Q: 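Below is one structure. I have some questions about it.
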Amino acid sequence: MTDWWLQTDRLLAKAWTLLARGVTDRLAAARHPVLATVSPEGWADARTVVLRGAVAESALLTVHTDSASDKVAALRANPRCALLVWDAKAQLQIRIRARARITPGDAKTWAELPDGARQVYGGTPPSGTSLSVPENHVPGPDLARFAVLDCQAEEIDLLHLGRDRHRRARYARVDGWHGQWIAP
Ligand SMILES: Cc1cc2nc3c(=O)[nH]c(=O)nc-3n(C[C@H](O)[C@H](O)[C@H](O)COP(=O)(O)O)c2cc1C
């Protein structure tokens, strides 16, 4: 697909293709988006996560996490969040505003995770707790602490750094994802 940056609909389709690649390809840029939340005190908090799902039709992005983590507390208080990807190969920045729904992870999804991945859910004490030495932390696994964040995209902002010019477009769920060019 060449010149996908020239039309807003093709630009958006490319972004979803890159996001979907992040789910299946460990080396893809979208494998590790930055997830930003608002803390209960009003701070912006950003951290790297692994993208576990990206479905264009429903505009849903999925992330796995520990239900005892600070991000889950933040999202319980304020489900508004943002996901950010910079794909250097495509020269595309993807910014997504979303609302996160927190659900307990199911046993089927849990069973499909590699052993190493399960260890990160359910550590004692929970993430963010002070430790006198790092060795005082005992990792999981604990299925009861495995949480799924389904992030429903509400707005998408795409910036392509083209050789000839920068192009930026904004899309909103309320407008049926109709694209609008905006100044970069
Ligand atoms: C490459 C990488 C991938 C990560 N993936 C996840 C993830 O999928 N889910 C998650 O909860 N934390 C993940 N983390 C850890 C988070 O960045 C963060 O340190 C941790 O979740 C605690 O964040 P919080 O205190 O804001 O909740 C990852 C960190 C790195 C460096």
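Computed from a predicted model, the values in this text were never measured in an experiment. Ligands are counted one by one from 1 in listed order, and the atoms in each one are counted from 1 as well.
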Q: For the residue pair T37 and R47, confirm or rule out a side-chain donor-acceptor distance under 3.5 Å.
A: yes

Q: So, D25 and R31, do they make that salt bridge, N to O below 4.0 Å?
A: no

Q: Determine the interplanar angle of the Y121 and W110 rings, folded into 0 to 90°, and report it as parallel if under 30°, tilted if 30 to 60°, perpendicular if over 60°.
A: tilted

Q: Are a donor atom and an acceptor atom from the side chains of S69 and D66 found within less than 3.5 Å of each other?
A: no

Q: Under a 4.0 Å heavy-atom cut-off, which residues neighbour ligand 1?
A: H32, R47, T48, V49, V50, H64, T65, S69, D70, K71

Q: Salt bridge (Lys or Arg N to Asp or Glu O under 4.0 Å) with E155: which of R95, R80, R97, R170?
A: R97

Q: Just how far is it from atom CG of L27 to atom NE2 of H32, taken to the nearest 0.5 Å?
A: 9.5 Å

